[in-house]
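Here is the structure we will look at, set down as structure tokens.
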Amino acid sequence: MELIQDPRCYTDICIDGKWFHHDHCTDTAYMLWGGTSPHIQLDKTPKTESELIDLLTHANRR
């Protein structure tokens with residue numbers, strides 16, 4: 001599914017039981033949990049939901 005290319009939009013997604021938040025039009029995401037959430041630098045700005053999942057999965061394994 002295409003991500004809407006609007007900085008006011010975001011996607012929250014669960015991968016392996018962990019929730020992540022991604023603001024569209026950015027190359028960052030963060031894990032949703034209480035307190036200070038770790039930020040994740042993605043390799044590029046995702047254009048689709050499946051690309052976002054791949055980037056988060058790859059970044060989470062580092």
Side-chain angles (χ1 to χ4, degrees):
M1 176 172 75
E2 285 282 318
L3 297 178
I4 298 171
Q5 297 304 303
D6 185 332
R8 297 173 294 177
C9 295
Y10 66 89
T11 297
D12 290 337
I13 195 159
C14 183
I15 301 173
D16 296 329
K18 298 175 186 171
W19 282 93
F20 297 90
H21 175 90
H22 168 70
D23 291 315
H24 294 195
C25 301
T26 68
D27 63 354
T28 59
Y30 62 88
M31 190 180 300
L32 293 171
W33 64 354
T36 304
S37 297
H39 278 75
I40 299 165
Q41 183 68 45
L42 303 172
D43 291 336
K44 62 180 183 175
T45 302
K47 302 290 184 202
T48 66
E49 188 174 295
S50 59
E51 189 175 29
L52 174 60
I53 292 168
D54 290 342
L55 290 167
L56 284 169
T57 302
H58 176 72
N60 203 29
R61 290 185 182 154
R62 290 183 194 163

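All of these numbers come straight from a predicted model, not from anything done at the bench. Atoms considered below: every heavy atom in the structure, side chains included; atoms not considered: hydrogens, waters and symmetry mates.
- Within the model, atoms CG of L32 and CZ of F20 stand 9.0 Å from one another, a figure rounded to the nearest 0.5 Å.
- Looking at H22, its side chain does come within 3.5 Å of a backbone N or O of T28 through a donor-acceptor pair.
- The minimum heavy-atom distance between C25 and P7, with the atom names listed, is SG-N, 3.8 Å.
- Taking NE2 of H21 as the reference point, atom CD1 of I13 lies at 12.5 Å (rounded to 0.5 Å).
- Tracing side-chain contacts under 4.5 Å through hydrophobic residues (I, L, V, M, F, W, Y), one never reaches Y30 starting from L56; they form parts of separate clusters.
- The heavy-atom pair separating P46 from Q5 by the smallest distance is O-NE2, 4.1 Å.
- M31 is connected to L52 through a chain of hydrophobic side-chain contacts under 4.5 Å among Ile, Leu, Val, Met, Phe, Trp and Tyr, so both are in one cluster.
- Using a distance-only test at 3.5 Å, with no hydrogens or angles considered, a donor-acceptor pair links the side chain of Q41 to the main chain of D27.
- Under a cut-off of 6.0 angstrom, the local environment of CD1 in I4 is sparse, with at most 12 non-hydrogen atoms contributed by other residues, nucleotides or ligands.
- For D12, the CG atom counts as densely surrounded, since its 6.0 Å shell holds more than 12 non-hydrogen atoms of other residues, nucleotides or ligands.
- Of all heavy-atom pairs spanning H24 and D6, the tightest one is CB-O, 3.5 Å.
- Closest approach of T26 to T45, counting heavy atoms only: O-CG2, 3.4 Å.
- If you take CD1 on I53 and CD1 on I15, they are separated by 5.5 Å, rounding to the nearest 0.5 Å.
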- Task: Might you work through the side-chain contact (heavy atoms from CB on, under 4.5 Å) test for E51 and L55, ending with a clear yes or no?
- Result: CA-CA 6 Å; E51 189 175 29; L55 290 167; 4.2 Å; yes
